[in-house]
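All values below were derived from every heavy atom in this structure, side-chain atoms included, with hydrogens, water molecules and symmetry-related copies excluded. Model, not experiment: these values are computed from the prediction. The chains referred to below are lettered A, B, ... by the order of the sequence lines, with proteins before strands, and numbering in each begins at 1.
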Amino acid sequence: MMEWLTQEILAKYNYWIAVIIILIGFYAMIAKDNLIKKLIGLSLFQTGIFLYFISLGDVGVGWGLRSGTTYIIEAIPEGYIYINPLPTALILTAIVVSVSTLAVSLGLVIRIYEEYETIEESEIIEKERVL
Amino acid sequence: MKAESIIGLLMVILLTGLFFYIVEDVPPYGDPSSPALQLVRLDIRVDAAGVEEELNSGMIPAALVEALAARNFVAPSEIEEVTAGEWDAKIDKGEFYYEEDEKYYRFKKEGNQIEVYRYAPVVRYLEKGLEETDVPNIVTAVIVDYRAYDTLGETTVIFTAGISVILLLRRRGKL
Amino acid sequence: MIGIEHLPVLLIVLSLLAAFTIFVAGWFDKKFSWAISFITILVQLVMSIFILNHVLFTGKIDYWLSGWRPPWGIQVVVDTLNAYVLVVLLFLALLSVMYSKRNIQHELPEKVITYYAVYQLLVTGLCGVTITGDIFNMYVFVEIFSLAAYALIASRGGIALKASFVYLVMGSIGACLFVLGIGFLYSVTGSLNMADLAAILPPLYGNKMVQAAFALFVVGLSIKMALFPLHTWLPDAHSFAPAEISAMLSGIIIEVSTYALIRLSFSVFTVNFLKLLPIYDLLAWIAAIAIIYGSVMAIAQLNLKRMLAYSSVSQMGYIMLAVGLSLSTKHLLWGGLTPALMHILNHALMKGCLFMVAGAFIYKADLWNITDLRGLGRKMPWTCGAFTMAAISMIGVPPSVGFVSKIYLIFAVVEAGNFLFMAVILLSTLLNLVYFWRVIETLYMKVGEAGPHHEYEKPVKTDEIPLLMLIPILILGSLCIVMGIIWLTEIPIIGAVPIMDSVNKLFEIGRYTVVP
Amino acid sequence: MTKADGTGTYQLTAEERRVAAGRDLIIEVIASLMIPLIQLFALYVIIHGALGAGGGFQGGVILASSFILYVIAFGITGARKRLPESWNTGLQSLGVYIYAGVGLVCILVSLGFVQYLNYWALPLPVAYEMRRAMGMDFVEIGIGITVMATMTSLFFDLAWKEKEERKEVKESNEGGEKK
Amino acid sequence: MIVPLDLLMLFVIVVIAIATISAKDLFSAVILFGAYSFLMAVVWAEMHSIDVSFTEAAVGAGVSTAFLIAAVSRTARWEKG
């Protein structure tokens, strides 16, 4: 049990933090009533996924003794290796996608507020029923 | 408690379960020889007898080519010994503008058998990126050259967002 | 002459450039926007037919973007499945844009330019998803068409805004799960190319990351294609969007998501992986529930478009049932993916026609509810005729496309040996009959309320919708029957059946005959 | 504006107009110092993306953020005058035109064997090896232009309150008349 | 990569994320989200992914926050219930 804990939880702490952030965002997206809170939850969800990807690309274990170096090609000192540039490139694209989604959804929220005078989902559903 | 909160908690528990299920197979954090960074094991093996000498003399063993072709992999064109019991194999570029061959497979002798590994794309980016693209920053090389089509899509996403917000919000001017 | 290998990429780039051009040209004159959009999609359709022809008779197109070999660069692969979906997609897109000329002038007079620009981007995204051979690239294009779809659904304002927001939240969850799945696959294989992944994956089938990635793909794309428990965004989004967008949503957008699932599960994970776990049996059961649920909910609706939306849920159930059964049908000619692919085209024809007719009623007299449609059969004979043809296709009257799908599906069920599914299909046919007969009855048999008792004896003035809106409806309505006859006689003039065979051969499922 | 004793009108000073519009002197001065620096940095990031961190997207966002800072400091009317809508529209498309156009040139120049977005095929009067790097620079500039224009237009659209805008326009017109 | 520093920052990030979704005042939620993005950018810089870190600092902490503030200022400020 202790071994499992150290090997799977402590040694992979970065992935677990990413999972926690993903879950926080996911919960906020489903459970929050406020539309802007939902969008913040969506952003958290996406950032968690990005953290997962970046952790995947990182190289270098231990306490700063032997480490990775960034992917800009130059003469690097002995014992260092380049980190994985591909997840970084993918996440650059994904960040752009996330900010675009955020902008479109904020546009929708503003229109919804103009239409319904509220941004709480339950109140919107009530007003819809009246209409 | 509202229904949404309960659904949300249920979903969160489901996802947590999924993550606990997979955690054992997640590659160790920061491992410099993980599949994404170095080598992918292809689960192709041939008997070392005979093949090893051929590899050492720089010839391409027919048994290996057959085994690779059975799984739709390209045949190597050149073999080069790295250390004892490990060989790098290169393949033809296939394009007209590069003369050099490129590193593709790594054969390792394990016991009586020769295992086939394949280099991850990243190895190629890091080794040849500067030479091929004249750009020291490999991420820039990847996003605007190796995977430039993705970036075209990305720019289109921003453009779509811009027009979509105009469609939704703007009530002035010509648009 | 540009080599035919360049066409898939030119198709995307042309579409992109057209979107930007609409935006700039519209700044000078509004009239340009429709013309540019129409011409572009027409050219794209012609290109896609060339591609289909080439793929069918010469072999698949394999195009290396930026000139890099696939694991390093991005690859565009067009085989029979892509080319077929591409033709269906662009065909309906062309008819929709034809239809939208008058309808959009009527509904969104101030937003014409941006509407067509976003529409063109929607088509771009759909084409991009269809032809790409790289999973991350697929994600990017999925996001393009999703963003465009959110904006287009919301463009009418009012209740559509909330529907679009719900779609946005659910669709974003789906896309996030999809990209998480990509991350899982990448971390164990180090590759993003589909063909490459298919070659690397076999020894990793036992890996839990790979299984989880497959599960995430299935769930993420199920949200996008509105499979039963995750369909909640669909009814609102379909009923409040502009008519042509409803037609595109129902006929194409959810189908392209289905295509993505088929592509990922058969091309990347291959049949051997799918046989390890009973995922596809589970999917077939879910699909069966979706068929019944969608039909029952459709009966309960008063709003015509909402009824059609629930009917879409049930039709997606048909496609997924066929996909789910595809592994267990090996010996007969209708095995494999044949019924699923047939129904993709058939559903696009029928639902496209039905939603456009529903839009025509709204255009003419702002009629949303079924009960309001009394006596329209005499007033708008052509429109209602097309509606009837599509409706009897949905029910499954013999020479129509709906009948073909159902009969192939029933044969597949017989071979799979699960007769409960047959009961589900028959029950659903009955329910279809109930809710479509209700509409046809209202259209033809009931007399308008306002008129005197014996109004039907008087000559009724016909009051048809504009020709540009009528033509697409008529084309789709007549194709519902013509296509059915072509399927039934298996006339290979348009290469319909060879397509199915070569797709089955590609994935090594079902029994396939010789491809010419 | 009418004087307190009602005997006539007097001109608003620049300070008073600023206070009336709810703006702040310190922010204005600091912003006017910062904005050129931010824009310079953004251009540096776009061009320098090949050598160090950064690239078209980041540079475009930073350039856009300088306009956003301008809006926050000086109000939306002035920003509208500095960056008209028509320009914005044109620039949004121009960037992607450059990107997709570079690719199209690649196809058109050498049909048959060179593929889309393959910068080696660009007909540039430089050494063969340099073409790839230059093609990437073109593309980066294209991305930068599109991102800058789109982000600015997005912020303007999201932050735009039409009623307040009208009020602001009226006030500035009044101020102009008094002069 | 320095593990204790990394762990500390990731812990703070999780705390800020929880604070973000539980704040009733949407303005403070947005500002907290900006702080979260900025810290995330720092963590990524420390993981040697400088390009993503740069982008997150410019987009997540800059433009996204500006968009959110613009949207909040045009809609309601307080979350109900």
Side-chain angles (χ1 to χ4, degrees), chain D residues 22 27 31 34-35 37-39 41-76 79 136 140 143-144 146-165 168, chain E residues 1-3 5-6 9-10 13 16-17 20-21 23-80:
Chain D
I27 290 176
M34 293 272 288
I35 287 171
L37 290 178
I38 293 176
Q39 288 173 342
F41 179 62
L43 292 178
Y44 167 79
V45 168
I46 293 180
I47 299 300
H48 199 253
L51 303 174
F57 181 71
Q58 291 94 326
V61 170
I62 294 171
L63 206 53
S65 69
S66 78
F67 295 124
I68 292 174
L69 179 58
Y70 189 90
V71 174
I72 292 171
F74 296 96
I76 210 156
M136 286 162 76
E140 294 264 26
I143 298 172
T146 299
V147 170
M148 183 272 290
T150 314
M151 289 291 172
T152 316
S153 120
L154 278 175
F155 183 76
F156 281 172
D157 281 337
L158 288 176
W160 187 288
K161 282 183 190 167
E162 279 163 66
K163 286 174 192 167
E164 287 186 16
E165 159 71 10
E168 207 174 325
Chain E
M1 192 198 71
I2 307 155
V3 174
L5 184 64
D6 212 31
M9 277 200 291
L10 286 171
I13 281 175
I16 294 181
T20 308
I21 66 159
K24 291 287 171 206
D25 184 355
L26 287 177
F27 261 120
S28 52
V30 170
I31 298 300
L32 278 170
F33 180 66
Y36 163 90
S37 293
F38 184 73
L39 265 180
M40 202 59 130
V42 174
V43 168
W44 289 344
E46 202 225 12
M47 287 178 176
H48 312 290
S49 299
I50 45 172
D51 270 284
V52 170
S53 149
F54 203 157
T55 316
E56 178 72 9
V59 172
V63 177
S64 295
T65 313
F67 287 173
L68 278 165
I69 286 180
V72 172
S73 69
R74 277 183 72 171
T75 55
R77 176 169 175 175
W78 297 95
E79 185 191 7
K80 287 172 200 161

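Within residues 54-63 of chain D, the residues having any heavy atom closer than 4.5 Å to a heavy atom of chain E are D:Gly54, D:Phe57, D:Gln58, D:Val61, D:Ile62, listed by residue number. The interface of residues 31-45 of chain E with chain D, defined by heavy-atom distances below 4.5 Å, is empty. Residues of residues 61-70 of chain E that come closer than 4.5 Å to chain D, counting heavy atoms only, are E:Val63, E:Ala66, E:Phe67, E:Ala70, ordered by residue number.
Residues forming a ring-ring contact (aromatic ring centres under 6.0 Å, His included) with D:Tyr44 (at least two apart in sequence, or on another chain): D:His48.
For D:Ile68, the part sitting under 4.5 Å from any heavy atom of chain E is the side chain, from C-beta outward, and nothing else. Of the two parts of D:Ile72, neither the backbone nor the side chain holds a non-hydrogen atom closer than 4.5 Å to a non-hydrogen atom of chain E.
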